[in-house]
Number of protein chains: 2
Amino acid sequence: MVMQSGLGRRGPAEAGRMEVLNAAATVFMERGFTATSVDDIAEVLGSTKGRIYHYYRSKADIFLDVLTLAMLDLLERIRPIAEQRDLPPDARLHAAARMHATVMMTQSARSRVAVQGTEMHLMQEAGAKQRRALQAFVDMRDEYEQYFADIVADGTRAGLFRDVAPRLAAKPILGALNWINMWYRPRPGSDIENIAEEFATFVVNGLRPTG
Amino acid sequence: MVMQSGLGRRGPAEAGRMEVLNAAATVFMERGFTATSVDDIAEVLGSTKGRIYHYYRSKADIFLDVLTLAMLDLLERIRPIAEQRDLPPDARLHAAARMHATVMMTQSARSRVAVQGTEMHLMQEAGAKQRRALQAFVDMRDEYEQYFADIVADGTRAGLFRDVAPRLAAKPILGALNWINMWYRPRPGSDIENIAEEFATFVVNGLRPTG
DNA sequence: GTCTATAATTTGATAGAC
DNA sequence: GTCTATCAAATTATAGAC
């Protein structure tokens with residue numbers, strides 16, 4: 001029997017399963033959850049949906065796995081940055097923002113889906129298992145946001161940032177960065193490094209005291 | 001014969017038509033374009049879809065009208081701000097950002113739909129008429145973004161802002177503000193004024209020279 | 001102008017052959 | 001493990017009564 005969710009809690013992810021996941025991520029990114037049919041995913045795979053339903057119980061389960069993988073990736077990346085307590089808060093925020101912007105531009109498929117993830121009110125009719133996975137995703141998202149809020153609070157304490165509510169301050173930061181998914185499309189000449197640097201500077205300066 | 005699109009190019013919008021439009025905006029906002037069925041809209045209207053198809057030829061046409069109305073509203077609001085050339089660029093950007101943030105929080109239904117508007121790759125199979133309306137929407141969006149870019153360029157020339165590519169600089173600004181739609185939900189205690197002020201300060205400071 | 005069918009299509013998911 | 005065939009439900013849109 002094949003695991004239907006949990007992304008390898010039982011061991012390393014199988015190749016077949018990951019292929020389905022990546023194909024799905026691509027299409028979800030382009031069309032969103034509802035507008036993506038299982039046949040669309042199969043077409044990207046160059047197969048029929050029989051293959052997909054061998055690995056996954058439902059379209060929602062695939063979507064949840066894409067979300068989960070993307071958030072796990074982001075969390076893994078931000079932890080080492082948040083833990084560099086020797087770096088001043090503004091430098092830490094700069095590094096975190098740079099990382100997030102870069103992921104948005106490079107890990108396109110999965111992260112983009114995760115950012116659109118809000119679209120999931122569609123899954124209200126979901127079963128208990130799916131609701132749990134959805135809640136786990138929301139929890140991870142909150143945890144990720146909290147890393148940013150904590151850095152902001154540190155910066156305010158250090159007198160580097162204005163005195164703002166940290167949780168609220170994280171919103172325009174992540175908004176400016178997540179929005180990249182809405183307009184950025186990879187192309188030969190596009191300089192990811194420059195954009196990431198400019199956006200990181202933007203959000204750090206956004207918190208600095210006025211004049 | 002009833003006009004199928006164009007939002008009153010022939011005269012003032014009829015009441016019945018506007019009722020359909022507003023009901024649709026509400027549901028589109030909550031569920032997105034694809035996940036919204038015409039029956040869902042009818043339910044909000046307290047009628048059946050017969051009424052909707054009397055005013056509109058298709059679901060896509062309704063969606064395009066919602067998008068168009070929202071963008072027309074934003075354009076009307078930003079023009080007077082952009083034309084206040086006596087205000088210094090940073091004050092003008094602050095006012096524009098404040099306006100945009102406020103609209104995101106108050107004109108919820110329509111503006112939110114317009115912001116999600118990206119979801120419209122779904123309409124690739126659309127007819128020529130719909131493609132024209134879609135292009136008109138994209139053009140308005142670009143025009144709106146250009147107002148922000150122009151203010152940024154003014155600010156850079158005045159030495160108030162860093163030397164950034166104006167069009168690119170408009171992205172994190174509108175990203176931080178548009179993202180409000182993703183998390184803000186109206187509630188009794190929520191202070192729209194404070195949030196708008198804080199976010200406007202954030203994006204203006206984001207462009208100021210470092211240190 | 002609104003409603004009640006209903007046609008035509010799409011889609012999520014399953015069953016069973018190979 | 002993948003495919004074909006198919007079911008059942010949902011959904012867009014139309015036709016025609018009132």
Side-chain angles (χ1 to χ4, degrees), chain A residues 1-5 12-24 27-28 30-66 119-127 129-130 133-134, chain B residues 1-5 11-24 27-28 30-66 119-127 129-130 133:
Chain A
M1 172 232 173
V2 171
M3 235 179 38
Q4 293 299 343
S5 141
E14 317 134 50
R17 192 180 177 77
M18 286 298 287
E19 258 184 87
V20 170
L21 192 99
N22 287 328
V27 196
F28 283 146
E30 286 167 1
R31 318 194 204 209
F33 177 75
T34 328
T36 296
S37 75
V38 179
D39 283 322
D40 290 336
I41 301 172
E43 197 186 336
V44 169
L45 276 172
S47 74
T48 67
K49 50 188 168 190
R51 182 158 158 202
I52 293 169
Y53 281 106
H54 174 70
Y55 290 104
Y56 281 99
R57 202 180 288 278
S58 73
K59 187 175 85 160
D61 281 327
I62 309 176
F63 191 64
L64 284 169
D65 265 9
V66 174
E119 193 188 351
M120 272 172 328
H121 26 232
L122 324 164
M123 287 172 45
Q124 279 164 350
E125 329 115 4
K129 197 173 184 176
Q130 283 171 2
L134 190 50
Chain B
M1 172 230 172
V2 170
M3 236 180 36
Q4 292 300 343
S5 144
E14 316 134 50
R17 192 179 176 78
M18 286 298 289
E19 257 184 88
V20 170
L21 192 100
N22 287 327
V27 196
F28 283 145
E30 287 168 0
R31 316 192 202 203
F33 176 76
T34 328
T36 295
S37 74
V38 178
D39 282 324
D40 290 336
I41 301 172
E43 196 185 336
V44 169
L45 276 172
S47 73
T48 67
K49 49 187 166 192
R51 180 156 158 204
I52 292 169
Y53 281 106
H54 174 69
Y55 289 105
Y56 281 98
R57 202 180 286 278
S58 74
K59 188 174 84 159
D61 281 327
I62 310 176
F63 191 64
L64 284 169
D65 266 9
V66 174
E119 193 188 349
M120 273 173 326
H121 25 234
L122 324 163
M123 288 174 43
Q124 279 165 350
E125 329 114 4
K129 196 173 184 175
Q130 282 171 3

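Protein chains get the first letters and strands the later ones, always in sequence-line order, with residue 1 at the start of each. Please read all numbers here as calculations on a predicted model, not as lab measurements.
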I need the [atom1]-[atom2] distance between [X] and [N], as an integer number of Å.
| X | N | atom1 | atom2 | value |
| --- | --- | --- | --- | --- |
| Glu43(A) | dT10(C) | CD | P | 14 Å |
| Asp39(B) | dA5(C) | CG | C1' | 13 Å |
| Tyr53(A) | dC7(D) | OH | P | 17 Å |
| Lys49(A) | dG16(C) | NZ | C1' | 16 Å |
| Lys59(A) | dT14(C) | NZ | P | 14 Å |
| Asp40(B) | dA13(D) | CG | P | 14 Å |
| His54(B) | dT4(C) | NE2 | C1' | 17 Å |
| Tyr56(B) | dT14(D) | OH | P | 16 Å |

Closest to the Arg51(B) side chain, choosing from dT2(C), dG12(C), dT12(D):
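For the Arg51(B) side chain, the nearest candidate turns out to be dT2(C).
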
Ser58(B), nearest nucleotide to its side chain (from dT11(C), dT11(D), dA13(D)):
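Within the option list, the nearest is dA13(D).
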
How far apart are the closest heavy atoms of [X] and [Y], and which atoms are they?
| X | Y | result |
| --- | --- | --- |
| Arg17(B) | Tyr55(B) | NH1-O, 2.9 Å |
| Thr36(B) | Val27(B) | OG1-O, 3.4 Å |
| Lys59(B) | Thr34(B) | NZ-O, 3.6 Å |

Any base atoms under 4.0 Å from Thr48(A), or only sugar-phosphate, or nothing? Heavy atoms, all strands.
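Answer is base: heavy atoms of Thr48(A) come under 4.0 Å of a base.
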
Phosphate oxygens OP1/OP2 of dT2(C): is one of them under 4.0 Å from a side-chain N or O of Tyr55(B)?
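True: Tyr55(B) side-chain N/O within range (under 4.0 Å) of dT2(C) OP1/OP2.
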
Could you pick out which residue, Gly50(A) or Val38(A), lies toward the 5' side of DNA chain C when each is mapped onto its nearest nucleotide?
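Result: Val38(A).
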
Keeping Lys49(A) on the side-chain end and Ile41(A) on the backbone end, is there a donor-acceptor pair under 3.5 Å?
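Checking the backbone N and O of Ile41(A) against the side chain of Lys49(A), no donor-acceptor pair under 3.5 Å is found.
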
